[in-house]
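Take a look at the structure below.
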Amino acid sequence: MNVIALSPLDLAVAALLIVALGGLSLRMHIGVERQLLVSAARSTIQLFLIGLVLKVLFESAQPVWVALLTTVMLVVAGREVMVRQKRRFVGCWGFGVGTLSMFVSAFAVTVMALLLVIGTDPWYAPQYAIPLLGMVLGNTMNGISLGLDRLTQDATQRRQIIESRLALGQDWQRAISDSRREAIRVGMIPIINAMSAAGIVSLPGMMTGQILAGTPPVEAVKYQILVMFLIAGGTGFGTMVAVSLAARRLFDERQRLRLDRLRLPKN
Amino acid sequence: MQALPSLRIQQLVTLHVGPIDLAIAAGECVCIHGASGSGKSLLLRAIADLDAHRGDAHLDATACSSLPGPAWRRTVALLVAESQWWCERVGDHFDHGVDAAWMEQLGLPDAALDWQVARCSTGERQRLALLRTLMQAPAALLLDEPTGNLDQDSTRRVESLLDAYRQQRQAALLWVSHDPAQIERVAHRSYLLDNGRLHGLR
């Protein structure tokens, strides 16, 4: 491995890009300079912190700490899914649907990869477990928030149609089937696109990182393929679980459409 | 001789409507009219169990609450005022095909099943929606202005089809209408819905 270590000065040069962009935004009255600087600062601090956390974690490799960190990741991702919803469920379902689905899919997929594919020892070895879970969770989060958002918006817009279908005696699964199918599709499109474009249009970040760090390209490619498949599995199953749970929640025990279970969008 | 009440509504309360008690015998047609916003559609929706409500509805001896929602709505069918469509082709909305004689009675050609929904007029859609509901063979019909968008000729056709259906199947009809002349033609009894209560006229 022949990584060229980056000095603070090197990063400062790259940071000039952000500063220049902010200056231009100010001059052209685009109004994103504040958001740009805050998010750049946030990512710097958050990444350094996680770097320190990972450093400590890799040295100790205690299962308790791995479990704690993954729980924090899950809760933050669950909150993120919730706040991205234009019409989210009231009560604990707003947080619960996305979080539960991410737990079911992202965790299962990552554990499967660790146990069956990579075969790390111990299986929760943080050097593998945390980055893998991070990548799967991040993408699953996107798919689930897109899918849920589409489902609740669609059901609201097509309320009269859904209720007409209920009035014709259709059960809730059939009455909501069009919206559910569309929502799952929307949630899965980004990863399908990413897989199609990988290698030709875009070099995925993880592979690029490994190559920069000195891994032979073909090894890096194999890991990238693994990660792509894990992400596709996590996103696909997660979106299906989340959209199906949410679709069920839109109807009550009498199979009435219950849009009052959604919070009105604020604007 | 009066048969057992076919559709009975007891102490039904939904939003600002009710409590309402009403019994419609098998083969009877009851009309409701009232100002816009008086809750006529809400009342029908509650009877079809599409909205949360207090009180219960019975079809003969069967309580609404004792059946799953979809089973109840197949026998006590609500026809909404503004017909809704979700597939491209008209025929895709008919699970059990359609009775050709009924089509003819409503002045629709057989080819109507192959029409694109988007190209049908509002009146055509309304008549097709009625057929779609009747093909489920409901025992009671909740009709929300079934002739609201129809010309005089089509209105008469719909009225006579519903009349024939009511007599053949001994169906109970609850019919919301704005037109006093129509109420005169079709209703055995009629009520005014005002301030959340039914007021008898005759």
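If you're wondering where the values come from, they're calculated on a predicted model, not measured in any experiment. Below, chains carry the letters A, B, ... as their sequence lines are ordered, and counting in each starts from 1.
- Contact annotation for B:L79: neither backbone nor side-chain heavy atoms come within less than 4.5 Å of a heavy atom of chain A.
- Within 6.0 Å of atom CZ in B:R89, more than 12 heavy atoms from other residues, nucleotides or ligands are found, so the atom counts as buried in its surroundings.
- With a threshold of 4.5 angstrom between heavy atoms, B:A52 approaches chain A through its backbone and through its side chain.
- No more than 12 heavy atoms of other residues, nucleotides or ligands sit less than 6.0 Å from atom CH2 of A:W123.
- Here the CD-CG distance, from A:Q170 to B:D95, works out to 6.5 Å after rounding to the nearest 0.5 Å.
- The number of heavy-atom neighbours closer than 6.0 Å to CG of B:N195, taken from other residues, nucleotides and ligands shown, is 12 or below.
- Within 6.0 Å of CD on B:E104 lie no more than 12 heavy atoms contributed by other residues, nucleotides or ligands.
- At a 4.5 Å heavy-atom cutoff, the contact between B:R132 and chain A is made by backbone and side-chain atoms alike.
- Rounding to the nearest 0.5 angstrom, the gap separating the CG atom in A:L166 from the CG atom in B:L78 is 10.5 Å.
- For chain A, the nearby part of B:S65 is the backbone; its heavy atoms alone come within less than 4.5 Å.
- Proximity to chain B (any heavy atom under 4.5 Å) is shown, for A:D171, by both the backbone and the side chain.
- Atom CZ of A:F251 is surrounded by more than 12 heavy atoms from other residues, nucleotides or ligands within 6.0 Å.
- More than 12 heavy atoms of other residues, nucleotides or ligands sit less than 6.0 Å from atom CZ of A:R248.
- Counted within 6.0 Å of CD on B:Q10, heavy atoms from surrounding residues, nucleotides or ligands total more than 12; the atom is thus considered enclosed.
- Here the closest heavy-atom approach between residue A:G169 and residue B:P70 is recorded as O-CB, 3.4 Å.
- Distance OG/A:S179 to CH2/B:W86: 12.0 Å, rounded to 0.5 Å.
- For the pair A:R254/B:H53, no side-chain contact is recorded, criterion being any heavy-atom separation below 4.5 Å from C-beta on.
- The environment of CD in B:Q170 is crowded: more than 12 heavy-atom neighbours from other residues, nucleotides or ligands sit within 6.0 Å.
- Residues B:R73 and A:R256 meet the side-chain proximity criterion, which asks for heavy atoms closer than 4.5 Å.
- Of all heavy-atom pairs spanning A:I161 and B:W85, the tightest one is CD1-O, 3.4 Å.
- With hydrogens and angles disregarded, no donor-acceptor distance shorter than 3.5 Å links the side chain of A:Q160 to the backbone of B:Q84.
- Interface residue A:R158: only side-chain heavy atoms are found under 4.5 Å from chain B.
- Taken to the nearest 0.5 Å, the CG atom of B:L50 stands 11.0 Å off from the CD atom of A:Q255.
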